[in-house]
Protein chains: 2
Amino acid sequence: MEKPSRKERERKRRREYIIDAAEDVISKEGFDNATMDEIAQKAEVAKGTLYLHFKSKAMVYLAVCERGSSKLNAELAKVITENITGLKMIERLGHTYLKFVLAHPHYFQAFNYYEGLMNDQSTYSSELVTRCRENAQEAMRYIVRALQIGMQDQSIVDRYKPEELGAIIWGASKGIINMAFLNQKGVDHGPMKEAEFELESLIENFIQLISAALLKSK
Amino acid sequence: MEKPSRKERERKRRREYIIDAAEDVISKEGFDNATMDEIAQKAEVAKGTLYLHFKSKAMVYLAVCERGSSKLNAELAKVITENITGLKMIERLGHTYLKFVLAHPHYFQAFNYYEGLMNDQSTYSSELVTRCRENAQEAMRYIVRALQIGMQDQSIVDRYKPEELGAIIWGASKGIINMAFLNQKGVDHGPMKEAEFELESLIENFIQLISAALLKSK
DNA sequence: CTACTTTATGACTACGAGTCAATTTTTGAA
DNA sequence: TTCAAAAATTGACTCGTAGTCATAAAGTAG
């Protein structure tokens, strides 16, 4: 009989719709000011229904994080299939990431939310946390893959362990983009008031710097 | 007459004591779970008194951030006075930063809190926000200074603008340390489960990578 | 149609941030 | 030393929001 399956799909659809609503509210109100009541209203369900699908507000936010990181991974995956050198791939991954967070700033906030949660109470474990973590691991694996390709095709020095280098590049990219984001908010926020660096130029130079360090000079 | 000054000092002392209490509570309960009531109790004042010194919970947290960044800057400043090459200074700054956040994880969380605030509502402005921002700028300026020294003493290539490079190194360092922190929480958290990278080794390699990119090879 | 199960609802509770009228302490003039 | 005005302190209170749960509605099947 198809009924359990149909019901399951129905449930999934409703869940996705709630996440849509959450994204709307978050984008409009900001992460801190969004309320469960608002999200419920936007999703056209009662608050109680929200809690049938998500155990807590944090879980809703993590669902947004999961969706965002899945979307990001889909774009990163595309880069890996391109027929270019490993070094060029690293550059392309950086640009793809940058473009993604510029296009979807609320996902970037969701990523930060996830990390904040993990930092605060490691006592968090759930299906969603696991999936967010796995997505982050996957993103990093694309970088590692590009590094391996680059070491193979001789475009990248093989002095480093790709896994460790991948972690470094991933972390550093997030840090730089985070900082650059701060600078966009308000005229003179962020630590770089005096110099008017553009987010793009900053990332551009970072990629260049990494390339310089990775370049097989010979 | 000394009275207004004495009163002022008295007030300052009380304020510092409240920040002490906030740090205690934050360290024990975590940033999210800390409550104003707890902080008040720890500081041995009524909640109302807390609000005479700080306009909101956010301001208490920003005060912690400001104190932390001031302490960090004091340590970074010491490095700048050492009689070493600019390149070596960059390494030493990185290690100093790492040591600091390991010793005071709650300050690191406070830094992240500040950045989260700035990301969420740019509509925040106050004496404290300004000071936190200035402290962040100061930290970055130490890096820039080291880069300039390095370019002077020929230990660092002068291909890049020191200000921009400084921003990159500062942002990247924060990102890497943040990620490495995640990994410490719980056995298999963070995006680097499979490989057991140590925070230290990660930063070590990052510094090496930067050095490789900066090294004046000739 | 009916009895039973599943899903949805929103009034309600719990809790913590922030307020403020009342109280205590400090100050300084007489 | 006294006393009244000013300043500092208090904690009971309000208010908003996360999360709950008894009740109602919708769905299912015999």
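Proteins get letters first, then strands, A, B, ... in listed order; numbering begins at 1 in each.
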Under 3.5 Å, side-chain donor or acceptor atoms of residues 40-50 of chain A against the rest of the protein: list the pairs with distances, not counting sequence neighbours.
{"residue": "A/E44", "atom": "OE1", "partner": "A/Y17", "partner atom": "OH", "Å": "3.2"}
{"residue": "A/K47", "atom": "NZ", "partner": "A/D37", "partner atom": "OD2", "Å": "3.2"}

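Atom OH of A/Y51 is separated from atom P of C/dT13 by 17 Å (rounded to the nearest Å). Distance B/M36 CE to D/dG16 P: 19 Å, rounded to the nearest Å. If you measure from atom CD of A/E38 to atom C1' of D/dT17, you get 11 Å, rounded to the nearest angstrom. Residue A/F54 contributes atom CZ, which lies 18 Å from atom C1' of D/dT20 at whole-angstrom precision. Straight-line distance from the NZ atom of A/K57 to the C1' atom of D/dG16: 11 Å, rounded to whole Å. Whole-Å rounding puts the B/E44 CD to D/dT10 P distance at 10 Å. Between the CG atom of A/L50 and the C1' atom of D/dC21 there is a distance of 16 Å, given to the nearest Å. One can place CD of A/E29 at 14 Å from C1' of D/dT17, the figure rounded to the nearest angstrom.
Contact between the side-chain N/O atoms of A/T49 and the OP1/OP2 oxygens of C/dT9 is found at a separation under 4.0 Å. Within the 4.0 Å cut-off from OP1 or OP2 of C/dG10, not a single side-chain nitrogen or oxygen of A/K47 is found. One finds no side-chain N or O of A/R14 lying less than 4.0 angstrom from the OP1 or OP2 phosphate oxygen of C/dT7. Taking side-chain N and O atoms only, B/R11 has no distance below 4.0 Å to OP1 or OP2 of D/dA8.
Distances were taken from every side-chain heavy atom of B/L52 (C-beta onward) to each of D/dT9, C/dT9, D/dG19; the shortest belongs to D/dT9. Candidate nucleotides D/dT9, C/dA8, C/dT9 were compared by shortest atom distance to the side chain of A/H53, and C/dA8 ranks first. In the set D/dG11, C/dG16, D/dT17, the nucleotide with an atom closest to the side chain of B/T35 is C/dG16. Counting only heavy atoms from C-beta on, B/D37 has its side chain closest to C/dG16 among C/dA8, D/dG19, C/dG16.
Looking only at atom types and distance, the side chain of A/Y114 has no donor-acceptor partner in the side chain of A/E66 under 3.5 Å away.
Of the charged side-chain nitrogens involved, at least one lies within less than 4.0 Å of a carboxylate oxygen, so that B/R13 and B/E10 count as a salt-bridged pair.
A/A34 comes within 4.0 angstrom of the backbone, heavy atoms only, and of no base.
Crowding of A/K88 atom NZ: a count of heavy atoms from other residues, nucleotides or ligands under 6.0 Å not exceeding 12.
Using a 4.5 Å cut-off on side-chain heavy atoms (C-beta onward), B/I177 and B/F108 make contact.
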